[in-house]
Chemist: 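Have a look at the structure that comes next, please.
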Amino acid sequence: MKKIAAICSVFLAALLLFPAMPVQGAQLELSCPAAVLMEAGTGRVLFEKNPHEIRPCASITKVMTLCLTLDAIDSGRLAMDTPLTASAHAASMGGSDIWLKEGEIMTVDDLIKATVIMSANDAAVVLAENVAGSEEAFVAKMNEKAAQLGMNDTVFKNCNGLDEEGHVTSAYDVALMSRELLKHPQITDYTLTWIDYVRDGATQLVNTNKLIRSYQGITGLKTGTTSQAGSCISATAERNGLKLIGVVLGAGSTDDRFQDAAALLDYGFGGWEVQIPQAPQLDPRPVAGGMEEFVRPVVGDMPEILTEGSGEVEEKISWRGGLKAPVEEGEVIGQIGYYINGEEMAQVDITAGNEVKKVTFRSAFGYLVKGLLTM
């Protein structure tokens, strides 16, 4: 028994010294017909499977509905406590809903809760009608926004994702609009809520995204299921500054979509990390023909750089040649490029930290007089 225990101890030690290698893209097998893994900061695609295959996406459509709703809130056109009234059209929605009745009043906050947590089709329509005047006008805005984001595979026909002829997108496009929604940080207040209530506690909302109770670092985002779309999800997660978007379209079951989404995110966290370089200390730069001889360089905010594993980031500084006065404070006087294996990953501006005025007879004379007076 002691011998067996010793062998087991050696084996366990070996496992700790040589951890399992992350799954490579070619080895990542998913059951779904289409998928994309995107890094949210840069938009870089880390894995793809039929990324531009045209497919329905069910209630993941609501990601765009939420983008436009939160845009309206940010611009002051709506407020979270604004009461909205359900129209006959909104109350007529089928599928997943919160059984709104025509004329029923609910706040924007509660309608967003219902749309995100319970994937309520009727709540989504109320939001759409009040942002744009009608669902039809709102859908036009959805398609405009899609074009702005480069969602070239997408045509929206409604705001909630119910099956409709020609209402289509792709895994890549879903990742793009998910990335846009993440620019509204308040969305995770809803996407990470497991259970909540509306109608003064009379109606319970239970989140359709089971990953928020099981996956480390999960932040959202949206599920969707219809007979035509199958089981879909846009799953977002963050660990150690690395933000990922895993899109699964057309999975055969809810369990399959969650397994595929978790596999995508595992693949990303196992193979990539985010590095933030340290700002370099820079000497003052000479300026010709100025009232001062030097300008103080100021480095902009350091970028987040996506690397495979712990890849080495190379820094290259380039200066604007022959600085001559006048130089305005904030004027770009150089750049720092960050490279991995010769490929530029990010660039940061170096700006003037002080103004340097041009020497004129009047300014030189005034400077001379000032110097004599202070002697």
Side-chain angles (χ1 to χ4, degrees), residues 25 28 30-68 70-71 116 119 142-156 161 167-185 187-188 191 208-209 211-212 215 217-225 229-239 241-251 256-272 274 304 306 308:
L28 182 56
L30 305 176
S31 65
C32 62
V36 159
L37 177 67
M38 179 179 286
E39 194 276 317
T42 62
R44 179 178 169 186
V45 174
L46 309 182
F47 175 87
E48 58 185 27
K49 178 181 179 181
N50 300 321
H52 296 287
E53 184 175 276
I54 305 299
R55 306 186 60 85
C57 72
S59 282
I60 297 182
T61 297
K62 295 183 177 80
V63 168
M64 183 61 83
T65 300
L66 292 163
C67 281
L68 294 180
L70 292 176
D71 283 348
V116 175
S119 198
M142 292 172 72
N143 286 309
E144 288 174 9
K145 183 82 169 182
Q148 292 169 9
L149 295 177
M151 296 169 60
N152 299 323
D153 306 322
T154 298
V155 177
F156 292 115
H167 182 89
V168 293
T169 187
S170 67
Y172 178 76
D173 281 7
V174 170
L176 289 181
M177 68 176 177
S178 298
R179 185 183 179 214
E180 182 70 10
L181 183 56
L182 290 176
K183 294 178 181 178
H184 298 278
I187 192 62
T188 58
T191 58
T208 56
N209 183 2
L211 290 179
I212 69 170
Y215 194 86
I218 198 75
T219 57
L221 190 65
K222 192 70 195 73
T223 62
T225 304
S231 290
C232 309
I233 187 171
S234 176
T236 58
E238 179 178 359
R239 294 181 192 170
L242 178 59
K243 299 177 183 180
L244 298 178
I245 302 166
V247 178
V248 170
L249 298 185
D256 286 345
R257 78 176 170 197
F258 292 134
Q259 289 173 9
D260 283 351
L264 275 173
L265 296 173
D266 284 346
Y267 168 66
F269 288 125
W272 280 267
V274 167
E304 295 182 349
L306 182 67
E308 286 196 57

Chemist: For the side chain of Asp173 and the backbone of Asp153, is there at least one donor-acceptor N/O pair under 3.5 Å apart?
Modeler: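 Yes, because the side chain of Asp173 sits within donor-acceptor range (under 3.5 Å) of the backbone of Asp153.
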Chemist: So which atom in Ala261 and which in Val248 form the shortest heavy-atom distance, rounded to 0.1 Å?
Modeler: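 Closest approach of Ala261 to Val248: N-CG2, 3.7 Å.
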Chemist: Identify every side-chain donor-acceptor pair in residues 41-48 under 3.5 Å, counting partners at least two apart or on other chains, and give the distances.
Modeler:
unit_1: Thr42; atom_1: OG1; unit_2: Glu39; atom_2: OE1; d: 2.6
unit_1: Thr42; atom_1: OG1; unit_2: Arg44; atom_2: N; d: 3.2

Chemist: How far apart are the closest heavy atoms of Leu149 and Leu176, and which atoms are they?
Modeler: O-CD1, 3.4 Å
Chemist: Ignoring hydrogens and angles, tell me if any N or O in the side chain of Asn143 forms a donor-acceptor pair with the backbone of Phe156 under 3.5 Å.
Modeler: yes
Chemist: Would you confirm whether Asp256, through its side chain, and Ala251, through its main-chain N or O, come within 3.5 Å as a donor-acceptor pair?
Modeler: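 Between the backbone of Ala251 and the side chain of Asp256 there is no qualifying donor-acceptor contact (under 3.5 Å).
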Chemist: With no hydrogens and no angle check, just 3.5 Å: does a side-chain donor-acceptor pair link Thr65 and Lys62?
Modeler: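 On atom types as modelled, these side chains do not qualify, holding no pair under 3.5 Å.
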Chemist: Let's go through Thr61 and Met142 carefully: what are the C-alpha distance in whole Å and the side-chain angles of both, what is the deciding distance for side chain to side chain contact (heavy atoms under 4.5 Å, CB included) to 0.1 Å, and is it a yes or a no?
Modeler: CA-CA 10 Å; Thr61 297; Met142 292 172 72; 3.8 Å; yes
Chemist: Testing the 3.5 Å rule here: is there a donor-acceptor pair between the side chains of Thr223 and Asn209?
Modeler: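 No - no donor-acceptor pair under 3.5 Å links their side chains.
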Chemist: NZ/Lys49 to CG/Leu28 distance, rounded to the nearest 0.5 angstrom?
Modeler: 9.0 Å
Chemist: How close do Ser234 and Val174 get, counting heavy atoms only, and between which atoms?
Modeler: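 Nearest pair, atom of Ser234 first, then Val174: CB-CG1, 4.0 Å.
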Chemist: Report the C-alpha separation of Ile60 and Met177 in whole Å, then their side-chain angles, then the decisive distance to 0.1 Å, and conclude whether the side chain to side chain contact (heavy atoms under 4.5 Å, CB included) test is met.
Modeler: CA-CA 10 Å; Ile60 297 182; Met177 68 176 177; 4.0 Å; yes
Chemist: Looking at Arg179 and Ala40, what are the two nearest heavy atoms and their distance?
Modeler: NE-O, 2.7 Å
Chemist: CG of Leu68 to CE of Met64: how many Å apart, nearest 0.5 Å?
Modeler: 6.5 Å
Chemist: Between the side chains of Ser119 and Lys222, does any donor sit under 3.5 Å from an acceptor?
Modeler: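 Yes - a donor-acceptor pair under 3.5 Å links their side chains.
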Chemist: Considering non-hydrogen atoms only, spot the tightest contact between Ala35 and Cys32 and give its length.
Modeler: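 For Ala35 versus Cys32, the nearest heavy atoms are CB-SG, 3.8 Å.
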Chemist: Would you please name every residue forming a ring-ring contact (aromatic ring centres under 6.0 Å, His included) with His184, sequence neighbours left out?
Modeler: none
Chemist: Output the distance between atom CD1 (Ile245) and atom CG (Leu264), rounded to the nearest 0.5 Å.
Modeler: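 If I round to the nearest 0.5 Å, the distance is 12.0 Å.
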Chemist: If you define the side chain from C-beta out and look only at heavy atoms, does anything of Leu221 sit under 4.5 Å from Leu182?
Modeler: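 Answer yes - side chains close enough.
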Chemist: Which heavy atom of Ala58 sits nearest to which heavy atom of Gly224, and what is that distance?
Modeler: CB-C, 3.6 Å
